[in-house]
Every structure is written in structure tokens, then in C-alpha cells.
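Just so it is clear, the values below take in all heavy atoms, side chains as well, and ignore hydrogens, waters and symmetry mates.
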Amino acid sequence: MGVLVDSQKEGFGSSWGGLKNLVRRKQVDCAHTKRLDNHQLAKELTIPHLIAVGVGSTIGAGVYILVGAVAREHSGPALTMCFLIAGIAAALSASCYAELASLCPSAGSAYHYSYICVGEGVAWLVGWALILEYTIGGSAVARGISPNLALLFGGENSLPTFLARQHFPGLDVMVDPCAAALVLIVTGFLCLGIKESALAQGIATAVNVFAMLFVIIAGGYLGFKTGWTGYEVPTGYFPFGVDGMLAGSATVFFSYIGFDTVASTAEEAKNPKRDLPLGIALSLSICCCLYMLVSIVIVGLVPYYAMDPDTPISSAFASNGMQWAAYIITVGAVTALISTLMGSILPQPQILMAMARDGLLPSFFLDVNKHTQVPVNSTLATGIVASILAFFMDVSQLAGMVSVGTLLAFTMVAVSVLILRYVPPDEVPLPLSLQESIDSYKLRHNSDAQMINGENPAKSPGDPCLPLLGEKNVAVDCTVVEKLEALSSCTLDEENRRKIAGWTIMLICVGAFMLTFAASNLWFSSLIRFTLCGAGGLLLLSGLVILTCIDQDDERHNFGHAGGFICPFVPLLPISCILINVYLLINLEVATWVRVSVWLMVGVLIYIFYGRRHSSLLNAIYVPKAHVDEIYRSSGAIL
């Protein structure tokens, strides 16, 4: 048994204070925490439900437009390669999500993983950014539905007056009643229960997939009939070069965003250890295959330079005499948007509820309906705010802010995998109510340690906890001394290994930022760019070599719900994931970062004046993980 320590290595059970609140970490869900938490969600989702949620949240109407813009400006006929490369990059993040989702199957997704592995401060920023992502994302999707619905009814102004967009010149506002109504309808479905909402999303997703299959099959028939004229261009397969193809891959990468919604439903999965990794992998694979097949067909029907950037698929069919296909494609676009709207609103109540569980948000968001087992207050609050934004605001200019939350979450999930493998939390926060049991256990441990050292335990019962290896001149059996010396040496080596791994992970993050920042800013002088790129690349390469050479922590096998999916190629895969996501973050527009910074500053103020003071870890007592079960047993808790 090791020496009892607190989180600051200064005395058993002392509390954290000051800036150290930002790095306090919560415990992964276990038998103890679940019995103390009465706000559980319904475990209703199986693999088909998770696939429907993942595919429906990922495949939006963007694919019906994106293929034209990317082919014309970046890739040409190599559009399929863009989707393949972007799919592989998304699979890196998906692998990290799959491991953490199976180990920590609780509401909150990336926020939850960051709180367990990184700390409270980073977790708050991730959760706050995700709130922004889902709110604006849902509103933007909703405002895109009404124009497509109007096309089904015959034209731009064919919707009924009470649903049509209305412009108020005095206020310069374009209201969209249809978008607001759709958000409220989706919110109502989500309040019925997770199984019912997943079924509704599955139906919408099925219609969208059938529309894409029509494009693939009918387009393939036309391609073989016409001889695939789109591939017979004088510029070749890579008209914009490899650089253009990579730029196109970065653009279409965002069409894969949505598989993380599967991870947000972890607490509602019947068998999260098995179903979540399969749900994430299968939904991402289905999306990648559909994207690639659609792109193969479309760039083969029409030369890339002749594509309509707004309606590439409809115009491709129209140029081959199938104008009626536009209706099927529009139906697919509408159902894709509805499914994506559900996928945008679904995760946010779980995020709000998870943050309220941890005390960082008011308990209002914690209420779970006893009948439907849905966080009703969080769901209604999300739906009302999103419907107001969809009704009044043209959120298209804010759509770039959606990417920040997603990429930040992807980055922190990859960092969390590295932390979990090399420096998993070795201390557990216990509630203040167990103080008596902790003191009693501490006293017994002190007595055992003094007896091993040949001391009288009654001599100094109030002394601080002593190490197991006492003074050198005590009369103790040689075998015992040798064992304890070996234990002390192993402990020292283990502490050094954890320190090296921790600093290495931090330097990897710094190196990724330096490399991508210097490579993306062409206004730097050549000397500065090459210096920063070299330094950043050296840090990344050194970090990869060091983490490859040192052993991973054995405690990772006992962390969380062990036995689920294991992310392969660690540390290479998470480091690659960090590098890709940081690169995409760096290359977002400056205006986007300004808007996001304002939102994050508001979040920092809320955390300082509310979250920090109401955190469930405020008075927590940190004890070594090895002693937790015995402390709970001594307190009379049922395991």
C-alpha cells in the first residue's frame, strides 16, 4: 500500500485553492458516484439508433452544394480524394472519441472527458464553446430549411404567408417563422424521449440516404451512357495540383462533423462499451462512402469548370435531360436539414445537464422528467433560445463560430487520450461528508506504518502521515526493508515517468501551435517562419519519440469502464489529430475568432462568479485511487 497523499502532496485531505481550481479533476463515473446521482437518463439506444443519430447529424444539405464549390475552386475531378483524405482525418478524432466514450459513458461528451483528464478550467471552456456551437448551428440549419421547402411548393415565395420570410425595412430584420416553428417541433420530439426522437431522426435520415442513393444509381447510369465526360478534361485529374486537393480536403472536412453527437448520447446507450465505438465507426464509414460515391458520379457527369456552384447536383441531372430529378434532390436536402437540426439540438441538453451536475451551472438544468427520462428544462431552454435566434437573426455570418467548438472539442479529446494513456488521474475527489471515514482510515494507516517502523503508534497519534520507510537504524526484518526500499524506488521512477510524460504532452501542444501558426501566416518573414516551423516540428517529433519510448501507465487498464475500444497507434494517432485540428483552428477567419473570444470571455466571467464557487469539487478531498474502495467500505457505503 502506498503512502497516503492529497492532491497537493502536502497533507492528506487538504483542499485546492486559487488557480489550482482550474486543474482539479473529477472522478470517472463508478458505482459510488452513480448511486449518489438520481438524475439518470433512459438507456434506450442500440446500434441502429446510434447509426441513425450519427449519419443524420453528419450528412447535411451541404453535400448537395459543397461538391460544386470544392470541385470548381480546389480539386477538379479529384473531389473523391478530398472526401477520402478528410474522412481519414475525421477517423483520427473518431478513434479518440470511441475510446473515451466507452471508458466514460456519461452525458457531456468532450466536456466530460476534459473534466476527467485535463481539469475544470479547460472543461468549462470546452463546454461553453460547445453550447455556442449547438445553439448557432441549430439556428443556422433551421434558417436553411424554409428556402428548400419553398422550392418543393413551386418557387421562392410559394410558402403560406404565416410561414414565409418577412422583411421589416425599419429594423432591417428578415424574420423566418418557418425556421422558428421547425426548431420548436424538433424540441417537442426531443422532449418525448430519446428513443422516439432517435426514431424520428432515423426516418428523416433514411429519406435523405435514399435520395443520395438515387443520385448515385441514376447518375451512374447517365455516366455510363454518356461516357463520363467529366473525367475527359485536358487539365488532368489534379488541375489545381496536390495543394489544391489538400485545400479541398480541409474544406470538406467540416462535412464530417456530427459523429461526435453519438458520443454525447453515451449515457443513453444500452451497452456503451460495445455500441458507442461501433456506432461512431459505422456512421462515419457510411457517410464517407456516400460522399465519395456522390462525388464520383457528379464530377463524371459534368466537367468541374462547368458545374453550378449553387445547385451542382440538380444542374448535372438537368444537363442530361432529367430536370424532374431536382424534386428528389430537394426532398433529400430538406430531410437532411431536418435530421441535422435534430442532431444539432440533441447534444446541448446533455451538455447543460452535465455542467449542472458538476455545479458549474444552476441546478435548473439538472431536472430530468421521471416519465420520459429526458432533461426537460435543458431541452426546452435550448429549443427556445435556438428558435428565437432562427426567427430574428440571419446567423449565416456567425456560422463559422460553429467550427470553433467542434475543433476545440476534437483537440481536447485527443489530448485526453494521451493523458489517459500516460498520466491518468491517480487521485479521486471524495465528498466532504466522508471526512470522518477518511480521518479514521488515515489514523489506521499511520498506525500500520509506525508498527512497520518499530514505533509505538500511541506515541504520536496526531503526527502527520509518515512514509512507510522510516529511519534507517530501526530494527526491522531485512526482507521487509528490502521490499520497502524496492517499493520506494519504483514509486520514485513512476513519479519521474509521469512528470516526463506530462511535460511532453504539454510541449506537443505547444509545438503543434507553433508549427501551424507559422505555416499559416505568410506575412511573417521567411526567417521567422522557418525558425518557428522548425522549432514546432522539433517539439512534435521529440514528443512523439519520447512518448513512444516510455511506457504507458498500467493504471489505464483500471480506468473507468475498462474492456471497451482501445484507440490504436498511440501516441502517433492522437498527435496527428491534435496537429490537424489546431491547423484548422488557426486558419479560421479573424472575424470568427473575435466573435468567439467575446463569447469565451463571457464564459470566463460566469465561471469566476458562479461556476468556481458552486463547483461540486469545491470542498472535495483528494485521496489516492488505491484507497477509495476501502474508505467507502469503512463509511458503510454499499459497493
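The shortest side-chain heavy-atom distance between Tyr607 and Leu22 falls under the 4.5 Å cut-off. The shortest side-chain heavy-atom distance between Leu360 and Tyr111 falls under the 4.5 Å cut-off. Residues Trp124 and Arg612 form no side-chain contact, since every pair of their non-hydrogen atoms from C-beta on lies 4.5 Å or further apart. At least one side-chain heavy atom of Leu407 sits under 4.5 Å from a side-chain heavy atom of Phe253. Inter-residue side-chain proximity for Leu290 and Val209 is flagged as met; some heavy-atom pair is nearer than 4.5 Å. Contact annotation: the side chain of Tyr291 approaches that of Thr58 to within less than 4.5 Å [non-hydrogen atoms, C-beta and beyond]. In this structure the side chain of Ile51 never reaches within 4.5 angstrom of the side chain of Val262, judged on heavy atoms. Taking the side chain as every heavy atom from C-beta outward, Phe83 and Leu293 never approach each other to under 4.5 Å.
If you check the side chains of Glu196 and Thr372, you find no donor sitting under 3.5 Å from an acceptor. No hydrogens or angles considered: nothing links the side chains of Glu44 and Gln373 as a donor-acceptor pair under 3.5 Å. Using a 3.5 Å distance cut-off with no hydrogens or angles, the side chains of Ser109 and Gln350 do not pair a donor with an acceptor.
Enclosure of atom NZ in Lys625 by more than 12 non-hydrogen atoms of other residues, nucleotides or ligands within 6.0 angstrom is indicated. Counting heavy-atom neighbours within 6.0 Å of Tyr610 OH, excluding the residue itself, gives a total above 12. Within a 6.0 Å radius of CZ in Phe189, other residues, nucleotides and ligands contribute 12 heavy atoms or fewer.
Expressed to the nearest 0.5 Å, how far SG of Cys288 lies from OH of Tyr256 amounts to 3.5 Å. Rounding to the nearest 0.5 Å places CG of Leu276 at 14.0 Å from NZ of Lys270. Residue Glu268 holds its CD atom at 6.0 Å from CG of Leu45, rounded to the nearest 0.5 Å. Atom-to-atom distance recorded for Cys96:SG and Asn581:CG is 9.0 Å, nearest 0.5 angstrom. From His49, atom NE2 reaches atom CG of Asp275 across 11.0 Å, with rounding to the nearest 0.5 Å. Taking CE from Met601 and CD1 from Ile606, the interatomic distance works out to 11.5 Å, rounded to the nearest 0.5 Å.
Not less than 6.0 angstrom separates the ring centroid of Tyr97 from the ring centroid of Phe565.
Residue Ile505 forms a side chain to side chain contact (heavy atoms under 4.5 Å, CB included) with just one option from Val423, Ile578, Ile575, and that option is Val423. When each of Asp367, Val374, Leu366 is checked for a side chain to side chain contact (heavy atoms under 4.5 Å, CB included) with Met353, only Leu366 meets the rule.
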Could you go through Asn208 and Ser339, starting from their C-alpha distance and side-chain angles, then the distance that decides it, and tell me whether this counts as side chain to side chain contact (heavy atoms under 4.5 Å, CB included)? CA-CA 9 Å; Asn208 178 30; Ser339 182; over 6 Å; no

Kindly indicate, with the supporting measurements, whether the criterion side chain to side chain contact (heavy atoms under 4.5 Å, CB included) is fulfilled by Cys191 and Leu380. CA-CA 8 Å; Cys191 288; Leu380 290 176; 3.9 Å; yes

List the steps and the verdict of side chain to side chain contact (heavy atoms under 4.5 Å, CB included) for Met212 and Ile59. CA-CA 10 Å; Met212 296 183 72; Ile59 299 181; 3.7 Å; yes

Please walk me through it: do Phe410 and Leu584 pass side chain to side chain contact (heavy atoms under 4.5 Å, CB included)? CA-CA 11 Å; Phe410 285 6; Leu584 294 174; over 6 Å; no

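One N or O on the side chain of Trp593 and one on the backbone of Leu585 form a donor-acceptor pair closer than 3.5 Å. With Arg25 contributing its side chain and Cys117 its backbone, the two residues share a donor-acceptor pair below 3.5 Å. A donor-acceptor contact shorter than 3.5 Å links the side chain of Ser283 to the backbone of Ile280. Using a distance-only test at 3.5 Å, with no hydrogens or angles considered, no donor-acceptor pair links the side chain of Ser616 to the main chain of Gly359. Remark: side-chain polar atoms of Ser387 are not paired, donor with acceptor, to backbone N or O of Ala180 under 3.5 angstrom. Side-chain atoms of Lys43 come within 3.5 Å of backbone atoms of Glu267 as a donor-acceptor pair (strictly under, hydrogens ignored). Not a single donor-acceptor pair under 3.5 Å links the side chain of Asn369 to the backbone N or O of Val376. The backbone N or O of Phe259 sits nowhere less than 3.5 Å from a side-chain atom of Ser57 that would complete a donor-acceptor pair. Of the possible donor and acceptor atoms, none in the side chain of Thr135 sits under 3.5 Å from a partner among the backbone N and O of Leu132. With hydrogens and angles disregarded, a donor-acceptor distance shorter than 3.5 Å links the side chain of Glu133 to the backbone of Thr406.
Note on Arg556 versus Glu99: no salt bridge recorded, every NZ/NE/NH1/NH2 to OD/OE distance being 4.0 Å or above.
The two residues Tyr115 and Ser615 make their nearest non-hydrogen contact at OH-OG, 3.5 Å. Here the closest heavy-atom approach between residue Tyr113 and residue Leu100 is recorded as CE2-O, 3.7 Å. Contact between Ala52 and Ala198 at its shortest, heavy atoms only, is CB-O, 4.4 Å. Here the shortest heavy-atom pairing between Gly405 and Leu130 reads O-CD2, 3.7 Å. The two residues Val173 and Phe392 make their nearest non-hydrogen contact at CG1-O, 3.4 Å. Heavy atoms only, all atoms of each residue included: Leu92 and Ser576 are closest at CD1-CB, 4.0 Å.
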